[in-house]
Amino acid sequence: MPPPPPPLGRGRRRAAQSFDEALDDAELVAARAALAQGRWQQTRSLLVHTGDDWDRRGHRVTVLAGESYCAAWAREWLLAEPESADARVLLALAQVRRALRGKEKPVRAREACHGAAGLAPADPTPWLGLLLLECAQGAGGDVVRVFEQVRTRHADHHHAHHLMVAWLAERRVGAGRDPLHEVYDFANWAAEQAPADSPLAVLPVIAHAERYRALAAAGHEPADPAASGHWVGRRARQVMKAAFDWWLEWEHEDHPRRLIDLNFLAHAKVCEGRGAEAAALFHRIGDHATPAPWSYPGRDPLTAFRTARATILGAG
């Protein structure tokens with residue numbers, strides 16, 4: 001006789017060395033654990049407390065929405081509070097993430113996002129959900145249109161800009177290492193348009209990594225990023241230096257997605273051979289590794305991160 005399924009309320013064990021989309025957001029981790037037990041009230045309080053901090057709201061909703069149980073409990077929440085915009089947004093993002101896993105019809109996820117957007121017109125988060133979907137499945141015109149909807153509501157939306165960079169990097173792969181590729185133009189434009197204290201200052205580094213990913217996947221760059229000249233040309237050095245100098249002076253260490261930027265920047269410094277600068281970044285990252293860009297192209301990200309960190313810090 002097979003053992004009974006684990007109780008619904010048992011939280012999943014997340015090893016310290018594994019990747020966790022929540023990063024270092026302890027409040028999000030606690031709300032996620034409560035939601036796994038059906039206690040959606042803690043998620044409700046979390047989103048109320050988050051308010052219109054749009055980058056943090058997008059991060060929290062997206063992470064919660066990725067859990068397999070999220071859609072069911074978001075529906076329970078809606079039964080209790082049918083007019084809750086937060087519950088509607090959470091359910092819409094859960095449907096998007098289910099659609100991306102092939103477990104939901106994309107048309108239903110799109111309808112849910114549009115419905116959530118109607119309840120919360122100022123919130124870019126439903127449009128972020130649509131952007132996640134369109135970048136994976138939509139046409140180019142749809143991607144640009146949805147991105148503009150996000151940007152209208154929050155001009156320097158961190159996650160949305162990252163999605164656009166990853167999407168643009170896939171275009172015209174046959175052009176090879178083109179320094180005038182549109183992904184670089186977009187990243188430079190976004191960094192210039194953003195406020196001086198915006199982490200979008202690091203976006204040109206993200207563009208460089210995403211373009212490498214696309215080129216390496218197509219066989220136009222070596223599979224070992226450290227062996228690729230992609231990281232040591234004049235343009236690359238200028239981009240890396242500007243981003244690292246900006247980070248040294250950045251005083252806003254509470255951005256919810258800053259560890260993603262730090263992982264990209266550390267990866268770039270490793271590939272560039274700048275050990276001292278990479279070490280400073282690894283110390284700041286701690287155990288909060290992110291799959292991208294250590295997985296580029298097709299590598300085991302945890303092994304790549306640990307190997308790079310051990311080499312730079314001199315620890316086994």
Any donor-acceptor pair under 3.5 Å linking the side chain of Ser295 with the backbone of Gly298?
-> no

Lys/Arg-Asp/Glu bridge criterion (N-O < 4.0 Å) met for Asp287, Arg306 | no

Take the angle between the ring planes of Phe305 and Phe282 and call it parallel below 30°, perpendicular above 60°, tilted in between.
-> perpendicular

Do Asp156 and His161 meet the criterion of a side-chain donor-acceptor pair at a distance under 3.5 Å?
-> no

Kindly determine whether Lys105 and Gln95 satisfy side-chain contact (heavy atoms from CB on, under 4.5 Å), including the steps that lead there.
-> CA-CA 8 Å; Lys105 292 183 178 179; Gln95 289 179 261; over 6 Å; no

Please work out which of the three classes, parallel, tilted or perpendicular, describes the rings of Tyr212 and His230, given edges at 30° and 60°.
-> tilted

Find out if a path of hydrophobic residues (ILVMFWY) with successive side-chain heavy-atom gaps under 4.5 Å connects Trp167 to Leu215.
-> no

Closest contact, heavy atoms only, Thr152 versus Glu148 = OG1-O, 2.7 Å

Over all heavy atoms of both residues, which pair between Ile312 and Gly275 is shortest? Give the atoms and the distance, please.
-> CG2-O, 3.5 Å

Heavy-atom check, side chain of Phe244 versus side chain of Arg274, under 4.5 Å | no

With a 3.5 Å cut-off and no angle check, do the side chains of Arg211 and His181 form a donor-acceptor pair?
-> yes

Going through the checks in order, is the salt bridge (Lys or Arg N to Asp or Glu O under 4.0 Å) test met by Arg97 and Glu21?
-> CA-CA 13 Å; Arg97 298 204 66 173; Glu21 284 187 296; 3.2 Å; yes

Let me see the working for Arg237 and Trp231 under side-chain contact (heavy atoms from CB on, under 4.5 Å), right down to the final yes or no.
-> CA-CA 7 Å; Arg237 289 196 305 271; Trp231 299 94; over 6 Å; no

Please report the closest heavy-atom contact between Leu46 and Ala31, naming both atoms and the distance.
-> CD2-CB, 3.8 Å

Salt-bridge test for Arg57 and Asp123: reply yes if a basic N is under 4.0 Å from a carboxylate O, no otherwise.
-> yes

Less than 4.5 Å apart, any side-chain heavy atom of Arg60 and any of Thr50?
-> yes

Between Arg172 and Glu182, is there a side-chain N and carboxylate O pair less than 4.0 Å apart?
-> yes

So, for Ala99 and Gln137, which heavy atoms are closest and what is the spacing to 0.1 Å?
-> O-NE2, 3.9 Å

Thinking salt bridges, do Glu170 and Arg213 make one under a 4.0 Å N-O criterion?
-> yes

Thr307 side chain reached by Thr311 side chain, heavy atoms, under 4.5 Å = yes

Path from Leu100 to Leu163 over hydrophobic side-chain contacts below 4.5 Å | yes

Leu78 side, atom CG; Arg75 side, atom CZ - distance, nearest 0.5 Å = 9.0 Å

Partner set under side chain to side chain donor-acceptor pair (under 3.5 Å) for Gln193, not counting sequence neighbours = none

Can you tell me how far OG1 of Thr125 sits from CG of Leu131, rounded to the nearest 0.5 angstrom?
-> 12.0 Å

Side-chain touch Leu35/Cys70, heavy atoms, less than 4.5 angstrom = yes

Side-chain heavy atoms under 4.5 angstrom apart, residues restricted to Ile, Leu, Val, Met, Phe, Trp, Tyr: same cluster for Tyr69 and Val96?
-> yes

So how far is it from Glu192 CD to Trp189 CH2, rounded to the nearest 0.5 Å?
-> 10.0 Å

Distance-only donor-acceptor pairs under 3.5 Å for side chains of residues 259-272, two or more places apart:
{"from": "Asp261", "atom 1": "OD1", "to": "His158", "atom 2": "NE2", "distance (Å)": "3.3"}
{"from": "Asp261", "atom 1": "OD1", "to": "His162", "atom 2": "NE2", "distance (Å)": "3.3"}
{"from": "Asp261", "atom 1": "OD2", "to": "His158", "atom 2": "NE2", "distance (Å)": "2.7"}
{"from": "Asn263", "atom 1": "OD1", "to": "Thr290", "atom 2": "N", "distance (Å)": "3.3"}
{"from": "Asn263", "atom 1": "OD1", "to": "Trp294", "atom 2": "NE1", "distance (Å)": "2.8"}
{"from": "Asn263", "atom 1": "ND2", "to": "Leu259", "atom 2": "O", "distance (Å)": "2.7"}
{"from": "Asn263", "atom 1": "ND2", "to": "His288", "atom 2": "O", "distance (Å)": "3.0"}
{"from": "Lys269", "atom 1": "NZ", "to": "Glu272", "atom 2": "OE1", "distance (Å)": "3.2"}
{"from": "Lys269", "atom 1": "NZ", "to": "Glu277", "atom 2": "OE1", "distance (Å)": "2.7"}

Drop me the distance from Arg258's CZ to His59's NE2, to the nearest 0.5 angstrom.
-> 9.5 Å

Side chain of Ser198, backbone of Ala194: donor and acceptor closer than 3.5 Å?
-> no

Could you state whether Leu91 and Leu130 fall into the same hydrophobic cluster, counting links through intermediate Ile, Leu, Val, Met, Phe, Trp or Tyr residues with side-chain heavy atoms under 4.5 angstrom apart?
-> no

Flag side-chain contact, heavy atom, 4.5 Å: Leu23 against Pro256 = no

Is the closest side-chain heavy-atom distance between Leu128 and Arg153 below 4.5 Å?
-> no

Give a yes or no on this: more than 12 heavy atoms of other residues, nucleotides or ligands lie within 6.0 Å of atom CZ of Arg101.
-> yes

Under the side chain to side chain donor-acceptor pair (under 3.5 Å) test, residues paired with Arg98 that sit two or more places apart | none

Across all chains, not counting sequence neighbours, the side chain to side chain donor-acceptor pair (under 3.5 Å) partners of Tyr296 are Glu210

Inter- and intrachain pairs under salt bridge (charged side-chain N to carboxylate O under 4.0 Å, His left out), touching residues 218-230, at least two apart | Arg177-Glu221

Are Val205 and Leu248 connected in a single hydrophobic cluster, I mean Ile/Leu/Val/Met/Phe/Trp/Tyr linked by side-chain heavy atoms less than 4.5 Å apart?
-> yes

Salt bridge check: are Arg32 and Asp20 linked by an N-O gap of less than 4.0 Å?
-> yes

Specify the closest pair of heavy atoms between Ala223 and Pro297, including all atoms of both residues, with the distance to one decimal.
-> O-CD, 3.1 Å

Can you check side-chain contact (heavy atoms from CB on, under 4.5 Å) on Arg309 and Ile285, steps first, answer last?
-> CA-CA 10 Å; Arg309 183 176 62 179; Ile285 289 166; over 6 Å; no

Distance-only side-chain donor-acceptor flag, Gln37 / Arg39, under 3.5 Å | yes

Heavy-atom distance under 4.5 Å between the side chains of Trp77 and Arg88, does that happen here?
-> no

With a 4.5 Å limit on heavy-atom distance, are the side chains of His49 and Glu27 in contact?
-> yes

Greater than 12 external heavy atoms within 6.0 Å of Arg44's CZ | no

If you draw the axis of the six-membered ring of Tyr184, does the NZ or CZ of Arg235 fall within 45° of it and under 6.0 Å from the ring centre?
-> yes

Donor-acceptor pairs are to be reported for all side-chain atoms of residues 106-116 against protein atoms at under 3.5 Å, with residues two or more places apart or in another chain.
{"from": "Arg110", "atom 1": "NE", "to": "Glu134", "atom 2": "OE2", "distance (Å)": "2.7"}
{"from": "Arg110", "atom 1": "NH2", "to": "Glu134", "atom 2": "OE1", "distance (Å)": "3.4"}

Quick one: pull up CH2 in Trp40 and CG in Leu47 and give me the separation to the nearest 0.5 Å.
-> 12.0 Å

From Trp54 CH2 over to His154 NE2, what is the distance, rounded to the nearest 0.5 angstrom?
-> 9.5 Å

So which heavy atom on Val183 is nearest to which on Ala169, and how close?
-> CG2-N, 3.9 Å

Let me see the working for Val165 and Leu203 under side-chain contact (heavy atoms from CB on, under 4.5 Å), right down to the final yes or no.
-> CA-CA 8 Å; Val165 162; Leu203 203 63; 3.8 Å; yes

